[in-house]
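Here is how names work: the chains are called A, B, and so on, in the same order as the sequence lines, proteins then strands, and each is numbered from 1.
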2 protein chains.
Amino acid sequence: MKDSIEQKCLAKGVKLTDQRKIIAKVMSESNDHPNVDELYRRVSVLDSKISIATVYRTVKLFEEAGILTKHEFKGDKARYEELNEGHHDHLIDVQSGKIIEFVDDEIEMLQKKVAKKLGYDLVDHKLELYGVKKKS
Amino acid sequence: MKDSIEQKCLAKGVKLTDQRKIIAKVMSESNDHPNVDELYRRVSVLDSKISIATVYRTVKLFEEAGILTKHEFKGDKARYEELNEGHHDHLIDVQSGKIIEFVDDEIEMLQKKVAKKLGYDLVDHKLELYGVKKKS
DNA sequence: GTAGATGCAAAGTATTTGCGACAAG
DNA sequence: CTTGTCGCAAATACTTTGCATCTAC
């Protein structure tokens, strides 16, 4: 499991350089949703010579290869997350900035239905909920 | 109806300058979702002296006043739209770039339910569907 | 009259790119 | 070998801001 990004690279014919291996490793081990700056910071610990241009190039490449996915939450920088089988959406705690992942099949289904009704086949979607902790 | 942006400004204590009136007018008459460049272009026709800095300042001000809303669709620049009572979401035709507005109460309801289940009160949300025309 | 708005140009962010050196397959 | 990648610094794209001037209220 831990090497799956490297395996995906092989499968897609993406050349595996040392820098890409490091970025892959850092993303695999990140359970949050780092932005490029933060990713660069984490990667720099393992290889201080890596440049931020390479980080930008790599996340873009990985995104196009279906390895990472990019999120652009309201009023925030672009963040990245490893893309796995299980699709999920996000709820952002607007007070703490905490991001919670969730899955709701019913909503997924309805989205397809709505698209269909409008004459479209759904190829992608974005659902973000912004909330404040219930004070009950 | 046509002047409602100006009325909202009065109601919120937002000073009504000529530039703001023009920007309000252009947004009211736009049925699409212009980005700042496009808005600036449209506004320039009515007043060629207006600066793009003012357009940026004004859309931000109007957004904070609840007059406009900002969209950041995938891989696109920020776009603005007048905010009216009827909330709606968007379906983007990934081939033509066309944006279709829709309302689905069932999805809205489910979102609240999901947030609640996670212990949150929903304060905002973003739902974007990306689709291709059905070839039936 | 005064607080706040404007235009301009300069400064900030975030991201991309040209190029010569270098490394993976 | 050869094609593609890297690091660097410069370039780009979008947005914000300092300042002197001007305007709505």
Side-chain angles (χ1 to χ4, degrees), chain A residues 3 5-26 33-65 67-80, chain B residues 3 5-26 33-65 67-80:
Chain A
D3 292 333
I5 290 185
E6 295 196 11
Q7 273 150 31
K8 282 184 196 169
C9 284
L10 288 204
K12 307 250 178 186
V14 168
K15 208 179 267 189
L16 260 177
T17 64
D18 290 347
Q19 292 90 335
R20 289 179 186 171
K21 282 182 201 162
I22 291 175
I23 293 170
K25 177 175 161 61
V26 170
H33 307 70
N35 59 36
V36 173
D37 270 349
E38 178 58 27
L39 177 55
Y40 174 57
R41 220 168 290 129
R42 294 181 191 175
V43 149
S44 297
V45 174
L46 303 181
D47 175 358
S48 63
K49 293 305 295 167
I50 212 160
S51 92
I52 194 153
T54 295
V55 177
Y56 272 108
R57 280 191 274 238
T58 303
V59 291
K60 184 182 250 192
L61 176 78
F62 281 3
E63 194 196 356
E64 283 160 2
I67 293 171
L68 297 182
T69 183
K70 181 186 194 175
H71 299 299
E72 294 179 276
F73 301 134
K74 277 177 195 284
D76 197 7
K77 306 185 201 170
R79 291 161 170 273
Y80 289 86
Chain B
D3 291 333
I5 291 185
E6 296 196 10
Q7 274 150 30
K8 283 185 196 169
C9 285
L10 288 203
K12 308 250 178 185
V14 168
K15 208 179 267 187
L16 260 177
T17 64
D18 290 347
Q19 292 90 334
R20 289 180 184 170
K21 282 182 200 161
I22 291 175
I23 293 171
K25 178 176 159 62
V26 169
H33 307 68
N35 59 35
V36 173
D37 270 349
E38 177 58 27
L39 176 55
Y40 173 58
R41 218 168 292 128
R42 293 180 193 176
V43 149
S44 297
V45 174
L46 304 180
D47 175 358
S48 62
K49 293 305 294 168
I50 212 161
S51 92
I52 194 151
T54 296
V55 177
Y56 272 107
R57 281 192 274 238
T58 304
V59 291
K60 183 181 249 192
L61 176 77
F62 282 3
E63 193 196 356
E64 283 160 2
I67 293 170
L68 297 182
T69 184
K70 181 186 194 175
H71 299 299
E72 294 180 276
F73 300 134
K74 276 178 196 283
D76 198 6
K77 305 183 199 169
R79 291 162 171 271
Y80 289 86

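Checking side-chain atoms of K8(B) against main-chain N and O of I67(B) turns up no donor-acceptor pair under 3.5 Å. Side chain of R20(B) to backbone of K15(B): a donor-acceptor contact under 3.5 angstrom is found.
The distance from atom CD1 of I23(A) to atom OG1 of T54(A), rounded to the nearest 0.5 Å, is 6.5 Å. Taken from OG1 in T58(B) to CD1 in I50(B), the straight-line distance is 7.0 Å, to the nearest 0.5 Å.
OP1 or OP2 of dG7(D) has at least one side-chain nitrogen or oxygen of Q19(A) nearer than 4.0 Å. In this structure, T17(A) reaches the dC6(D) phosphate: one of its side-chain N or O atoms is under 4.0 Å from OP1 or OP2.
Between T69(A) and H71(A), some side-chain heavy-atom pair lies under the 4.5 Å cut-off. Side-chain contact between D47(B) and D18(B) is absent, with no heavy-atom pair separated by less than 4.5 Å.
In this structure, CZ of F62(A) is placed 12 Å from C1' of dT5(D), rounded to the nearest angstrom. Separating the CG atom of L16(B) from the P atom of dT6(C) is a distance of 10 Å, rounded to the nearest angstrom. Rounded to whole angstrom, the span from the CD1 atom of I22(A) across to the C1' atom of dC6(D) amounts to 13 Å. Following rounding to the nearest Å, E72(B) (CD) and dT15(C) (P) show an atom-to-atom distance of 12 Å. Per the geometry, CZ belonging to R20(A) stands 15 Å off P belonging to dA23(C), to the nearest Å. With rounding to whole Å, L10(A) atom CG is found 12 Å from dA24(C) atom C1'. Going from atom CG of D18(B) over to atom C1' of dA5(C) covers 11 Å, rounded to whole Å. Between I50(B) atom CD1 and dC22(D) atom P there is a gap of 18 Å when expressed in whole angstrom units.
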| note | Per-nucleotide protein contact along nucleotides 12-18 of chain D, 5' to 3', at a 4.0 Å heavy-atom cut-off (B base, S sugar-phosphate only, - neither), is --SBBBB
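Salt bridge annotation for R41(B)-E38(B): present, with a cationic side-chain nitrogen under 4.0 angstrom from a carboxylate oxygen.
Between K49(A) and K15(B), it is K49(A) whose nearest contact on DNA chain D lies nearer the 5' terminus.
Comparing dC6(D), dC8(C), dT6(C) against the side chain of T54(B) picks out dT6(C) as the nearest.
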